[in-house]
Amino acid sequence: MGDDPASRVYVNNKKKACAECGIYSEEYALPGETSQEELLRLIDTLNKKPEISGILVQLPVPKHIDEKTIINAIDPKKDVDAFHPVNVGKIMVGDYDFVPCTPAGVMELIKESGIDVAGKECVIVGRSNIVGKPQAMLLLHQNGTVTVCHSKTQNLKEHTRRADILVAAVGIPNFITGDMIKPGAVVIDVGINRLENKKLCGDVEFESAKEVASAITPVPGGVGPMTIAMLMKNTLKAAVING
Ligand code: L34
């Protein structure tokens, strides 16, 4: 909804991925001034539409729209973002179908790199509902020792320097610098920040961090594409669940 330029890029990437996977997709690019009622009506229609297995409302939504109300309106069985409270609860108890795409992408990167989470010090910087909080649960399910840091955390560097696995999800360009990283740590950069010169940069200062980390993800070309891959995985699952 609306004309957020970043959302435009992400949604296009999602549509492209669907086409590549052979997943049928529909896009509804609603004008920014569309009412909440109208958006809710569309969600209701898609909830009932048998040929649609998965629904997502790309965030952020304009200010006059209540994000929670919108997320609550999506049928949990079609909630391929896993943002609905029912799915959030299922993740909490470790019994879930849909995994939130970005944290799931982070877990996939860790697994495919041959890194074992069990017993490791995992430090997440950022506590959003979309990344930080579910990321903590997923790492905990893999037996990591998890710390969630945020803007009120005191002595942040003391926490980040203890991390064997450091996940940066604060949304501040180059926030994590090399001196905040334990030598040999695995550094995963969830941030996607657009600088004034239109260049993309992560939450991690890549140049200094790469000298200390044993493994590190770039921005772009790191977690972002994984988010989309995990969305495809959830959508396939949704198609199976919804028959
Ligand atoms: N509902 N809203 C909902 N679900 C989501 O899972 C998202 N997210 C975040 C924003 N809002 C959402 C995304 O889709 C972030 N996000 C996302 C998706 C794709 C990419 C980045 C973020 C991506 O494709 N990143 C590319 C670069 C793209 C560019 O050039 O800007 C990369 O290589 O990182």
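We use all heavy atoms of the structure for the numbers below, so side chains are in, but hydrogens, waters and symmetry mates are not.
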- Is the number of heavy atoms from other residues, nucleotides or ligands within 6.0 Å of NZ (Lys210) greater than 12? yes
- Message: With clusters defined by side-chain heavy atoms of hydrophobic residues (ILVMFWY) lying less than 4.5 Å apart, directly or transitively, does Met1 cluster with Ile70?
- Response: yes
- Query: Okay, side chain of Asn234, backbone of Val99: is any donor-acceptor separation there less than 3.5 Å?
  - Reply: yes
- Quick one: does Val88's side chain get under 4.5 Å of Lys133's, heavy atoms only? no
- Report yes if the side chains of Val57 and Ile71 come closer than 4.5 Å at any heavy-atom pair, otherwise no. no
- Message: Suppose we screen for salt bridge (charged side-chain N to carboxylate O under 4.0 Å, His left out). Which residues come up paired with Lys182, at least two apart in sequence or across chains?
- Response: Asp164
- Keeping to residues at least two apart or across chains, list the side-chain hydrogen bond (donor to acceptor under 3.5 Å, both in side chains) pairs with something in residues 102-120. Thr102-Thr227
- Hey, does the side chain of Lys77 reach the backbone of Asn242 with a donor-acceptor pair shorter than 3.5 angstrom? no
- Does Asn47 reach the main-chain N or O of Asp75 with its side chain, forming a donor-acceptor pair under 3.5 Å? yes
- Message: Using the rule side-chain contact (heavy atoms from CB on, under 4.5 Å), only one of Val219, Val167, Ile216, Val106 pairs with Asp189; which is it?
- Response: Val219
- Query: With hydrophobic residues grouped by side-chain heavy-atom distances under 4.5 Å, do Leu30 and Leu40 end up in a single group?
  - Reply: yes
- Query: Under the 3.5 angstrom rule, does the side chain of Asn155 hit a backbone N or O of Glu158 as a donor-acceptor pair?
  - Reply: no
- Please determine if Glu27 and Lys16 form a salt bridge, counting it only when a charged side-chain N lies under 4.0 Å from a carboxylate O. no
- Just one of Asp179, Ile181, Val187, Thr177 clears the side-chain contact (heavy atoms from CB on, under 4.5 Å) bar with Val212, so which one? Ile181
- Query: Under the 3.5 angstrom rule, does the side chain of Ser128 hit a backbone N or O of Val131 as a donor-acceptor pair?
  - Reply: yes
- Short question: side chain of Thr160, backbone of Met180 - any donor-acceptor pair under 3.5 Å? yes
- Item | Shortest non-hydrogen contact between Pro60 and Ser7, atoms and distance | CD-OG, 4.0 Å
- Task: Dump the intermediate steps for side chain to side chain contact (heavy atoms under 4.5 Å, CB included) on Asp203 and Val125, then the final yes or no.
- Result: CA-CA 10 Å; Asp203 291 348; Val125 189; over 6 Å; no
- Any donor-acceptor N/O pair, Asn193 side chain to Cys201 backbone, under 3.5 Å: yes
- Query: Would you say Val190 and Met226 are hydrophobically clustered, going by side-chain heavy atoms of ILVMFWY under 4.5 Å?
  - Reply: yes
